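A short worksheet on the structure shown next.
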Amino acid sequence: MENPKLYKGIEYVQLDELPEEQQLRIKESFNEGLFVKILVNGKLCEDCILYKDYSYWFHSVFIVSNNGHQERAVRITSATPINKNDN
């Protein structure tokens with residue numbers, strides 16, 4: 001799992017900086033509405049995902065499907081809050 005970037009209090013990851021397998025799987029499972037655009041130092045980053053959404057996806061979809069417990073594609077259509085006390 002990748003560490004988040006932080007810009008003006010926003011924790012996020014950029015799709016093109018993730019491992020290739022994760023990039024492909026996120027494109028298959030994320031609704032376009034979950035991608036955000038962040039203007040960082042005058043450069044528009046259009047392929048960003050809020051870290052809480054990435055973390056939810058990583059733990060509940062990516063790891064689960066890589067462990068063979070899930071064979072169907074899961075489509076993430078809305079942000080799901082993570083209770084940090086569950087870790």
Side-chain angles (χ1 to χ4, degrees):
M1 186 163 138
E2 299 297 310
N3 291 321
K5 290 183 171 189
L6 184 63
Y7 184 72
K8 293 189 177 185
I10 301 169
E11 287 187 313
Y12 69 97
V13 294
Q14 275 188 266
L15 186 64
D16 66 356
E17 294 181 358
L18 296 175
E20 187 175 345
E21 180 182 5
Q22 289 185 32
Q23 289 181 38
L24 295 172
R25 304 268 302 278
I26 284 174
K27 287 178 183 177
E28 292 172 351
S29 60
F30 266 63
N31 182 312
E32 284 185 32
L34 289 178
F35 289 93
V36 296
K37 298 175 185 176
I38 301 175
L39 186 62
V40 180
N41 300 324
K43 180 184 175 196
L44 185 62
C45 302
E46 299 187 52
D47 64 343
C48 300
I49 303 167
L50 293 178
Y51 187 72
K52 66 180 183 70
D53 296 335
Y54 167 72
S55 179
Y56 172 80
W57 172 84
F58 187 86
H59 292 290
S60 65
V61 177
F62 186 71
I63 288 179
V64 171
S65 64
N66 279 351
N67 287 333
H69 300 299
Q70 181 175 356
E71 296 192 13
R72 62 182 178 83
V74 173
R75 187 128 183 103
I76 307 297
T77 57
S78 62
T80 303
I82 296 175
N83 184 346
K84 295 190 183 240
N85 296 329
D86 290 343
N87 294 335

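Note that this is a predicted model, so its numbers are computed, not measured.
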Please list, chain by chain and in numerical order, all residues satisfying side-chain contact (heavy atoms from CB on, under 4.5 Å) with Glu17, sequence neighbours excluded. Lys5, Gln14
ILVMFWY network linking Val61 to Phe35, side-chain heavy atoms under 4.5 angstrom: yes
With rounding to the nearest 0.5 angstrom, report the CG to CD distance, Asp53 to Glu11. 11.5 Å
Starting from Ile10, can I reach Ile49 by hopping between I/L/V/M/F/W/Y residues whose side chains sit under 4.5 Å apart? no
Linking I/L/V/M/F/W/Y whenever any side-chain heavy atoms sit under 4.5 Å apart, do Phe62 and Met1 land together? yes
Quick check: closest heavy atoms across Leu15 and Lys27, and the distance to 0.1 Å? CD2-CE, 3.6 Å
Do Phe58 and Leu50 sit in one hydrophobic cluster, given that two such residues count as connected whenever their side-chain heavy atoms are within less than 4.5 Å of each other, even indirectly? no
Can you list, by chain and residue number, the hydrophobic cluster partners of Leu44 when the side-chain cut-off is 4.5 Å? Leu39
Taken to the nearest 0.5 Å, the spacing of Tyr12 OH from Cys45 SG works out to 5.5 Å
Using only atom types and a distance under 3.5 Å, with no angle test, would you say the side chain of Ser60 pairs donor to acceptor with the backbone of Tyr56? yes
To the nearest 0.5 Å, what is the distance between OH on Tyr54 and CZ on Phe30? 9.5 Å
Are side-chain heavy atoms of Trp57 and Leu34 found at a separation under 4.5 Å? no
Under a single-linkage definition using a 4.5 Å side-chain heavy-atom cutoff for Ile, Leu, Val, Met, Phe, Trp and Tyr, are Val13 and Tyr7 assigned to the same hydrophobic cluster? no
Going by the rule salt bridge (Lys or Arg N to Asp or Glu O under 4.0 Å), which residues pair with Glu2 if we only count those two or more places apart in sequence or in a different chain? none
